2 protein chains.
Amino acid sequence: MRKCCEMKGFLSFIVLKMISKNEMSGEDIREELKQRKGSKPSPGTIYPVLKSLHESGFIQECTHGHKIKKYALTKKGKKEVESATKKFCELFYDMRGEFEKCV
Amino acid sequence: MRKCCEMKGFLSFIVLKMISKNEMSGEDIREELKQRKGSKPSPGTIYPVLKSLHESGFIQECTHGHKIKKYALTKKGKKEVESATKKFCELFYDMRGEFEKCV
DNA sequence: AGTGAAATATTGGATAACCGATACAACTAT
DNA sequence: ATAGTTGTATCGGTTATCCAATATTTCACT
């Protein structure tokens, strides 16, 4: 049966949004996603996303020389989050008001 | 450069949500999506989605024998929208409050 | 009836998202 | 120092989403 609410295509957006609120490591993100959707994404899912976001200049390491790398948004990343958020709201226009119901 | 807010993976959800508000045809949906995201999805995008949603028992034709087929949700479809909406809200937890800002 | 337009349907193919497995690096503890 | 643990990184492969092109149906108009 068709799945109607998979994550495909929005993972990088979610990750970016999460980092915009708190500095986060790959593990932090995996853990947070486990909370939100039940299943913990594979390392092979998260780290390529982080790499790609880094290469796009949206995020940067904010802890250097440590085992655990925390990431934060760059200025460019902040702009990206802003515009992506706008697009998101336009696309999911009819979802507004739903969040309040889903407590 | 990485795109952060593509539609991939959520199209069927959006379509289902749209149909839950109004009876809609394939063309209606294409037109509405053009409004929301600027580009009009190809017929080869929309109709297979409708077919699949129909085969899953989520939607049904509510105009019979007409050129333009309008679809409405089935009972099963309504349940699906409900549960998918819940998942959506959990997944995009931190988007709550964004809709108000994006006027 | 015949032509054209509009909506629907289908098919093949490209893309990329995601996973599983594996490997590597860094810290910890005995 | 060695072993074990935890976080990070990479690679190959599968799968599904979406598009372009094309075909089919249905209606309108003359």
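Note that this is a predicted model, so its numbers are computed, not measured. By convention in this document, chain letters (A, B, ...) are assigned in the order of the sequence lines, proteins followed by strands, and residues within each chain are numbered from 1.
Between the A:T74 side chain and the A:G77 main chain, a donor and an acceptor come within less than 3.5 Å of each other.
Taking atom CZ on A:F10 and atom C1' on D:dA16, their separation rounds to 15 Å, with Å as the unit. In this entry the distance linking CG of A:L50 with C1' of D:dA9 reads 11 Å, nearest Å. If you take OH of B:Y47 and C1' of D:dA23, they are 14 Å apart, rounded to a whole angstrom. For the pair A:I68 CD1 and D:dA9 P, the interatomic distance rounds to 12 Å; values are reported in whole Å. When rounded to the nearest whole Å, the span between NZ of A:K69 and P of C:dC27 equals 12 Å.
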Donor-acceptor pairs under 3.5 Å, side chain of residues 13-24 of chain B to any protein atom, not counting sequence neighbours: which ones?
| unit_1 | atom_1 | unit_2 | atom_2 | d |
| --- | --- | --- | --- | --- |
| B:K17 | NZ | A:E98 | OE2 | 3.1 |
| B:K17 | NZ | B:T85 | OG1 | 2.9 |
| B:S20 | OG | B:K17 | O | 2.6 |
| B:K21 | NZ | A:D94 | O | 3.4 |

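Applying the side-chain contact (heavy atoms from CB on, under 4.5 Å) test to B:E31 and every residue at least two apart in sequence or in another chain returns B:K34, B:Q35, B:K40. With sequence neighbours left out, the side-chain contact (heavy atoms from CB on, under 4.5 Å) criterion links A:E61 to A:H64, A:K69, A:Y71. Here B:K37 pairs with A:L91, B:M7, B:S39 under the side-chain contact (heavy atoms from CB on, under 4.5 Å) rule; sequence neighbours left out.
Electrostatic pairing of B:E32 and B:R36 counts as a salt bridge here, judged by a charged N lying under 4.0 Å from a carboxylate O. Between B:E27 and B:R30 there is a salt bridge, with a side-chain nitrogen of the basic residue lying less than 4.0 Å from a carboxylate oxygen of the acidic one.
Applying the 4.0 Å criterion to OP1 and OP2 of D:dA9, one finds that A:K51 has every side-chain N and O outside that range.
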Might you list the N or O atoms of the protein lying below 3.5 Å from N or O atoms in nucleotides 19-26 of chain C, with each pair's distance?
| unit_1 | atom_1 | unit_2 | atom_2 | d |
| --- | --- | --- | --- | --- |
| C:dC19 | OP2 | A:T45 | OG1 | 2.0 |
| C:dC19 | N4 | A:G44 | O | 3.2 |
| C:dG20 | N7 | A:S42 | OG | 3.1 |

Report task. Show your reasoning for whether ring-ring contact (aromatic ring centres under 6.0 Å, His included) applies to A:F92 and B:F10. Result -> CA-CA 10 Å; A:F92 291 104; B:F10 282 87; 5.8 Å; yes

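Only B:S25, B:G26, B:E27, listed by number, bring a heavy atom of residues 25-34 of chain B to less than 4.0 angstrom from any atom of DNA chain C.
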